[in-house]
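Here is the naming used below: chain letters follow the sequence lines, and residue numbers restart at 1 for every chain.
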Amino acid sequence: MDAGLKSFIGERKRIMLVIENYTKCYDEKKAVDDLSLHIKSGEIYGFIGHNGAGKTTTIKACAGILQFEQGEIRIDGISVKDDAISCKKKLAYIPDNPDLYDFMTGIQYLNFIGDVFQVEPTLRSERIHKYADLFELTDDLGQTISAYSHGMKQKLAIISAWIHAPKLIIMDEPFVGLDPKASHKLKEMMREFCNQGGAIFFSTHVLEVAEKLCDKVAIIKGGQLVKSGTMEEVKGDTSLEDVFLEMEGEEC
Amino acid sequence: MLRVLIKKQIFQMYSSFFCNRKTGKKRSLLSTILVIFLYAVLMLGCMGGMFAYMGDSLCIPLHKVGMDWMYMTIFASIAMALGIFASVFNTFNSLYQAKDNDLLLSLPIEPKKIVLARLSGVYLLGTMFSGLVMIPGVLVYGIEAKPGVIPILFAIGLFFAVSLIILVFSCMLGWIVAKIAIKLKNRSFVTVLVSLVFIGLYYFVYFRASAVLNQVAVKSVLYGEKIKGVAYPLYFIGKAGVGDLSAFLVCLFLAVLLVWITIVVMSKSFLAIATNQGGTVKVVYKRRKIKAKTVSQALFVKEMKRFTSSANYMLNCGLGTILILVAAGTMLIKGPAAMVVLREVFQGEAFQGEPNLIPLLMCLGLCSMAGMNDITAPSITLEGKCIWIPQSLPVAAWQVLWAKLKVHLCLTIVPVVLCCISAIIVVQPTRMIAVLMLALPVLYVWFSACFGLVANLLFPNLNWTTEIAAVKQNMVVLLSMLVGMLLSIGTIILYFVWLGEFVSAEVYLVFYTLLLLVSDLGMIQWLRTKGSNRFKKI
């Protein structure tokens, strides 16, 4: 088990991500309106909503790459607004499209991320090879990223998120582009990460995955949170798909 | 369909003319016209002026002996050389490496139409460069030789025919580059090497041009006969530009025929080349011991890798490094002999024995070479869709910006200091002047690095489809080069034309050094504060 993760196994159920009254406007239009969520360590928190509902806008603000005026976002107790760098040290972010540095090779990119997060070389090497082997990407690490397929880039982005053993992983549509085997591995990694005390906040359109994988789920519509809680609280006796479609005003 | 594709291509290439990149909003018609007008004035004013001067020295001597055709041959040849040289890499990039090739090929569009649309962009660029030569050339011809309306109309017609010939040669060379590139492993370095050979040839010809043109003006009849004998098509091109209808029609017919053949050949090979992933030889990764770097080292190495991985970036923004190193070596070898001549010219009575004119000239001459490096100017734009990486990493925005500055400074200051030392050895100035000769160019390099970064932070464009658009068709790069020239060559002119009457060269050097120091400190402060905030919000 990674040393970094061992240290906070005892800190389970600590609140890792707090979003309070988060509001983001583009010109006059409110993209997200007064959103509040709490994510504890050990939880996989799914974030679902239709296209343009405000998922990415929320996720980017949590990752510290989108400035916002109203509300508060805290990572492990630290405000993103006040100390974005300390927050970023505790989290890993994977965007919806894995645009990585095409001019680097896979291993160069992973080492770049390792250097920025100051991951000790031996530990870094262990983690790189563990996850690269898991995704069957090891042989391709010497290739430039420009030669990678979408799925390979997504795998590389996932490995780069895991190598610095963050406390919180924020992912935007992480399963897009992955083959079924890689998707399965990612789900296992997510569960293992949270079992060791980490927290995951991710958006997805694959409701079956969310239903099986998530401990909690939040549904966002038109920038507003319409339902959130444990999976049981949100879906009750029906399926997540039924609940989602009902929220969207569709007839099932 | 073709109209839509051409419109898209032109909009992509010149989006800054039609759209405000800062706000993303469409410009008004008046604003678009104004921006295009300013761009044309800048380009024609800077480069066109040089060719107008050349035309002025050639036109009358050739016209007097009835060799007007040779005047047109010379201008058409220069226009072709400049146009082909400037657009060959653009052809390769915009045709075969455009990021939206896959998207367009997936749509129900014939590859031929995609090629035609792409070529319209290449044609426009070639026309722009040939216009820089031909427009001043024709203007000077019209004013000085006064040939009447008909020959001028033929000369304008020749300008468009020349643009077609440029398109043909650009495509041929672009096709050869593409064929070679898909077989190369270290594509960037080979491209840079080949380009450097071309540039070396270009400068060789450029430095000899004045002597050659003088010879042409004096022995025009002799050279005219030689051209007719050895390069008859060039004679024909010249005749076409001065009102010979049959020569013009033949030229136009051949140009159109060549363009048609080019389009047919390129359409047939386009799909194969554009979808070829060659050149990426499979490298199997072997586990090696990892060497850790500090955060600032990691960011610096990343920026350096970006620079060295792109031939376009190196050639368009880093050529000064090589030129300055060549200048440093040349100065040591040829400097003593050149100093004898320079002392005769600048320390004579004409300049009232001003002892520090030569150091002033050398300093600002060196600055003008250092100004050719504008590595920071497209550095934010080049982040493109990867901007999320530095923004999401636990590093301060200033650290990212500083890494970009460091690449520019390292690649420029080291050769500049070497060149300064060479200059000091050759000039042997007083201690005070020696310090200024070292400080001024170094501060100038800081200025150009900071200015490029500030300008790019103010006007970033992350939505580019080809790297060449980010580097070559970037207004910020052009602006940085113009400001660089203004601050080096402009400063020399300012001293000789006006300020030299009031202040000594030494005082001027001190004043300029202090001005650069203050500007540098101001820009660094801006980058650390407002510039960093801007980077976070891009």
A/Lys181: salt bridge (charged side-chain N to carboxylate O under 4.0 Å, His left out) partners, not counting sequence neighbours: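 Scan of A/Lys181 (salt bridge (charged side-chain N to carboxylate O under 4.0 Å, His left out), adjacent residues dropped) gives A/Glu136.
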Relative to chain A, which of B/Lys537, B/Gln297, B/Lys293 shows the most heavy atom pairs under 4.5 Å?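 Max contact count across the listed options: B/Lys293.
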Which pairs pass side-chain hydrogen bond (donor to acceptor under 3.5 Å, both in side chains) with one or both residues in residues 47-65 of chain A, sequence neighbours excluded?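 Residue pairs passing side-chain hydrogen bond (donor to acceptor under 3.5 Å, both in side chains), neighbours aside: A/Asn51-A/His205, A/Thr56-A/Asp172.
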With a 4.5 angstrom heavy-atom cut-off, could you sort out which part of [X] is near chain B: side chain, backbone, both or neither?
X: A/Asp139; result: both
X: A/Leu66; result: neither
X: A/Ile107; result: side chain
X: A/Ile113; result: side chain

Supply the atom-to-atom distance A/Tyr101 OH to B/Lys302 NZ, rounded to the nearest 0.5 angstrom.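 Atom-to-atom, A/Tyr101:OH and B/Lys302:NZ are 3.5 Å apart.
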What parts of residues 384-399 of chain B touch chain A if we use heavy atoms and a cut-off under 4.5 Å?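 So far as heavy atoms go, B/Lys385, B/Cys386, B/Trp388, B/Ile389, B/Pro390, B/Gln391, B/Ser392, B/Leu393, B/Pro394, B/Val395, B/Ala396 are the residues that approach chain A to under 4.5 Å.
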Determine, stepwise, if the pair A/Asn111 / B/Ile290 fulfils side chain to side chain contact (heavy atoms under 4.5 Å, CB included). CA-CA 8 Å; A/Asn111 274 319; B/Ile290 293 169; 3.3 Å; yes
Can you list the steps and then say if A/Ser125 with B/Arg287 is a side chain to side chain contact (heavy atoms under 4.5 Å, CB included)? CA-CA 9 Å; A/Ser125 181; B/Arg287 197 168 168 162; 3.6 Å; yes
So what's closer than 4.5 Å to chain A heavy atoms on B/Ile538: side chain, backbone, both or neither?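 It is neither, since no heavy atom gets under 4.5 Å.
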Under 3.5 Å donor-acceptor, A/Gln108 side chain and B/Lys305 backbone: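 Judged by distance alone, no pair lies under 3.5 Å.
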For A/Glu192, what residues pass the side-chain contact (heavy atoms from CB on, under 4.5 Å) criterion, not counting sequence neighbours?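 Partners of A/Glu192 under the side-chain contact (heavy atoms from CB on, under 4.5 Å) test: A/Lys130, A/Gln196.
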